[in-house]
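Worth saying up front: this structure is predicted, and the values here are computed from it rather than measured.
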Amino acid sequence: MLSLLLVLLCASLCSASSDSSQHQIETLMDNVLVLRLPNEEGSMVFVPLTCGEAYQNQPVTWKKNGVEVPALQGNQVKVPVEEMNGGNYTCHLGPDGEYLNHTVIMIQVENRTVILKEKSPQEGHIRCSAPNYSGSFQCSWTKAQYRSDAAVLLVKAERHLENIPCVVAADGSSIQCQDASCPFKEEQHRIALSIYIYSYSRLEEYTETFYLRDIVRPENLQNLQITDGKEFSWSYPDSWEKPCSFFSLQFQVKVVHNDDTCHSDRHIRLHDTDDNKFEIDFKTKRYIICVRAQDKHTRGPFGPWSYCSVNRNTVNCSFLKLQP
């Protein structure tokens with residue numbers, strides 16, 4: 001009987017030890033603690049908070065989201081955090097005293113994301129693109145239907161320990177970054193990007209690593225024209241680096257019926273070329289002729305389609321915007 005009790009006691013202690021090791025408390029940035037949990041259901045963790053060394057012997061009281069918590073008294077306290085119930089904890093000098101400091105507790109559940117919508121299994125949640133090799137790139141995402149309140153807390157971008165500055169768009173759905181690397185320099189290290197997005201007390205981290213050459217998408221081609229119904233021509237994007245002999249593009253031309261779009265799988269012609277012109281050698285008088293570009297040397301992603309819609313002698317040229 002005694003040995004059975006010892007086995008049960010050992011199992012209980014081992015279980016408690018295992019539970020305590022399943023969470024991590026880390027400082028993400030000033031005044032922000034992240035409680036990382038294996039799952040969100042049934043968790044209860046006591047998180048230690050300190051108002052500040054200067055207030056060690058002061059009558060410190062605490063509030064959560066502006067509401068006083070009588071059980072929390074003193075400079076050092078342990079805050080019970082149940083499931084996703086984090087919040088903003090402020091410490092004050094006495095019950096009605098002045099504000100002294102604050103700590104925001106956020107919860108990150110491992111291996112689960114609900115704030116952003118996945119663009120596709122291949123692309124993940126974040127899509128990054130650059131119009132050229134100048135070092136400027138943009139990353140965008142889409143919030144889930146019930147997470148419209150979500151906001152960006154922190155962006156970290158670096159290449160080989162060098163920080164890359166980024167600016168968050170006003171609507172919180174994208175960032176614009178500028179890598180100072182020379183566009184003529186061979187990329188030896190990837191860009192590492194981490195975006196921390198929160199909704200209430202839930203925090204999620206989204207990461208991407210890439211070479212700039214992997215995300216360069218040339219912008220829309222310029223000066224589209226059809227000469228005498230025999231030749232379709234265009235120019236490099238205005239944003240593309242010069243000389244074009246060094247930063248070469250290759251082009252894909254697609255001709256579709258006038259009731260289709262450039263994205264249609266049905267086509268009259270599909271042609272790849274290094275030249276910026278295409279000979280029209282078909283008899284139909286109503287069609288849409290599309291062209292897009294990619295880096296010739298890296299064979300990276302194609303840019304958006306530019307096109308001309310032809311109805312006998314009437315020609316209207318335009319372009320499709322790059323999808324966010």
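Lys254 places a side-chain N or O within 3.5 Å of a backbone atom of Ser264 that can act as its donor or acceptor partner. Remark: side-chain polar atoms of Thr27 are not paired, donor with acceptor, to backbone N or O of Met29 under 3.5 angstrom. Side-chain N or O atoms of Glu231 include none that pairs as donor or acceptor with a backbone N or O of Glu279 at under 3.5 Å. Judged by distance alone, with hydrogens and angles left aside, the side-chain atoms of Thr50 form no donor-acceptor pair with the main-chain N or O of Gly52 at under 3.5 Å. In this structure, Thr90 contributes its side chain and His102 its backbone to no donor-acceptor pair below 3.5 Å. A distance-only check finds no donor-acceptor pair linking the side chain of Gln252 to the backbone of Phe302 [under 3.5 Å]. Gln73 places a side-chain N or O within 3.5 Å of a backbone atom of Pro70 that can act as its donor or acceptor partner. Between the side chain of Ser306 and the backbone N or O of Leu221 there is at least one donor-acceptor pair closer than 3.5 Å. With Glu187 contributing its side chain and Arg213 its backbone, the two residues share a donor-acceptor pair below 3.5 Å. Not one N or O on the side chain of Trp240 forms a donor-acceptor pair closer than 3.5 Å with the backbone of Ser248.
Relative orientation of the His189 and His160 rings is parallel, given thresholds of 30° and 60° on the angle between their planes.
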Could you walk me through whether Ser43 and Glu83 pass side-chain hydrogen bond (donor to acceptor under 3.5 Å, both in side chains), step by step? CA-CA 5 Å; Ser43 63; Glu83 297 183 349; over 6 Å; no
Check step by step if side-chain hydrogen bond (donor to acceptor under 3.5 Å, both in side chains) holds for Asn316 and Asn311. CA-CA 9 Å; Asn316 292 311; Asn311 187 353; over 6 Å; no
Tell me, with the steps shown, if Phe46 and Val81 meet side-chain contact (heavy atoms from CB on, under 4.5 Å). CA-CA 6 Å; Phe46 286 87; Val81 178; over 6 Å; no
Step-by-step side-chain contact (heavy atoms from CB on, under 4.5 Å) determination, Val34 to Ile25: CA-CA 6 Å; Val34 179; Ile25 302 173; over 6 Å; no
side-chain contact (heavy atoms from CB on, under 4.5 Å) between Ile197 and Leu153, worked out: CA-CA 6 Å; Ile197 300 179; Leu153 177 67; over 6 Å; no
From CA spacing to verdict: side-chain hydrogen bond (donor to acceptor under 3.5 Å, both in side chains), Lys285, Asn258: CA-CA 10 Å; Lys285 300 299 182 182; Asn258 64 346; over 6 Å; no
Does the pair Leu33 and Tyr89 meet the rule for a side-chain contact (heavy atoms from CB on, under 4.5 Å), with working shown? CA-CA 11 Å; Leu33 289 181; Tyr89 289 84; over 6 Å; no
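Looking at Asn75 and Asn57, their side chains never bring a donor and an acceptor atom within 3.5 Å of each other. In this structure, a donor-acceptor pair under 3.5 Å is present between the side chains of Arg147 and Ser199. Between the side chains of Asp275 and Thr273, no donor-acceptor pair of N or O atoms lies under 3.5 Å. Side chains of Gln176 and Ser136: a donor on one and an acceptor on the other come within 3.5 Å.
Under a 4.0 Å N-O distance rule, the pair Glu208/Arg127 does not qualify as a salt bridge. Salt bridge Asp179/Arg159: present, at least one basic N to carboxylate O contact under 4.0 Å. Between Arg202 and Glu204, at least one side-chain nitrogen of the basic residue sits less than 4.0 Å from a carboxylate oxygen of the acidic one, meeting the salt-bridge criterion. Using a 4.0 Å cut-off between charged side-chain N and carboxylate O, Glu26 and Arg36 make a salt bridge. Between Asp149 and Lys143 there is no salt bridge, since no side-chain N of the basic residue sits under 4.0 Å from a carboxylate O of the acidic one.
Scanning both residues, Glu219 and Ser239, for their nearest heavy atoms gives OE1-OG, 2.7 Å. Taking both residues in full, the closest heavy atoms of Val168 and Gly172 are given as CG1-CA, 4.2 Å, listed atom of the first, atom of the second, then distance. Of all non-hydrogen atoms in Gln178 and Gly135, the two that sit nearest each other are NE2-C, 3.4 Å. Looking at every heavy atom in both residues, Pro301 comes nearest to Pro218 through O-CD, 3.9 Å.
No more than 12 heavy-atom neighbours from other residues, nucleotides or ligands sit within 6.0 angstrom of CG on Asp265. Atom CG of Asn313 is surrounded by 12 or fewer heavy atoms from other residues, nucleotides or ligands within 6.0 Å.
Geometrically, Arg190 does not engage Phe210 in a cation-pi contact, judged by NZ or CZ lying under 6.0 Å from the ring centre and within 45° of the ring axis.
Within the 4.5 Å cutoff, the side chain of Ile226 has heavy atoms near those of the Ile280 side chain. Side-chain contact between His125 and Thr113: present, with at least one pair of heavy atoms (C-beta onward) separated by less than 4.5 Å. The closest side-chain heavy-atom distance from Val104 to Asn31 is not below 4.5 Å. Considering only heavy atoms from C-beta on, Thr103 stays 4.5 Å or farther from Val32 through its side chain. Counting only heavy atoms from C-beta outward, the side chains of Thr142 and Leu116 never approach each other to under 4.5 Å. Side-chain contact check for Phe232 versus Trp234: some heavy-atom pair is nearer than 4.5 Å. Here the side chains of Val216 and Tyr133 are in contact, with some heavy-atom distance below 4.5 Å. With contacts defined as side-chain heavy-atom distances shorter than 4.5 Å, the pair Met44/Pro80 qualifies.
In the hydrophobic cluster analysis, where Ile, Leu, Val, Met, Phe, Trp and Tyr join through side-chain heavy atoms closer than 4.5 angstrom, Leu28 is grouped apart from Ile115. In terms of hydrophobic clustering, with Ile, Leu, Val, Met, Phe, Trp and Tyr side chains grouped at heavy-atom distances under 4.5 Å, Leu154 and Ile191 are assigned to different clusters. Note on Val152 and Met106: separate hydrophobic clusters, where clusters join Ile, Leu, Val, Met, Phe, Trp and Tyr whose side-chain heavy atoms are under 4.5 Å apart, directly or indirectly. Under the 4.5 Å side-chain heavy-atom criterion for Ile, Leu, Val, Met, Phe, Trp and Tyr, Ile164 and Leu212 are members of the same hydrophobic cluster. By the criterion of side-chain heavy atoms lying less than 4.5 angstrom apart, applied directly or through intervening Ile, Leu, Val, Met, Phe, Trp or Tyr residues, Phe282 is not grouped with Leu270; the two fall into different hydrophobic clusters.
Here the two rings, on Tyr196 and Tyr206, have centers that are 6.0 Å apart or farther. A distance below 6.0 Å separates the ring centres of His271 and Phe278. A centroid separation of less than 6.0 Å is found between the aromatic rings of Tyr236 and Phe251.
Interatomic distance, Ile215 CD1 to Ser129 OG, rounded to the nearest 0.5 Å: 6.5 Å. To the nearest 0.5 Å, atom CD of residue Gln108 and atom OG of residue Ser201 are 13.5 Å apart. In this structure, CD1 in Ile195 is found 10.0 Å from CD in Glu205, a value given to the nearest 0.5 Å. Here NE2 of His92 is found 10.0 Å from CG of Asn101. Values are rounded to the nearest 0.5 Å. Distance NE2/His267 to SG/Cys262: 13.0 Å, rounded to 0.5 Å. Distance OH/Tyr307 to SG/Cys290: 8.5 Å, rounded to 0.5 Å.
For the cysteines Cys139 and Cys128, the sulfur (SG) atoms lie within a distance shorter than 2.5 angstrom of each other.
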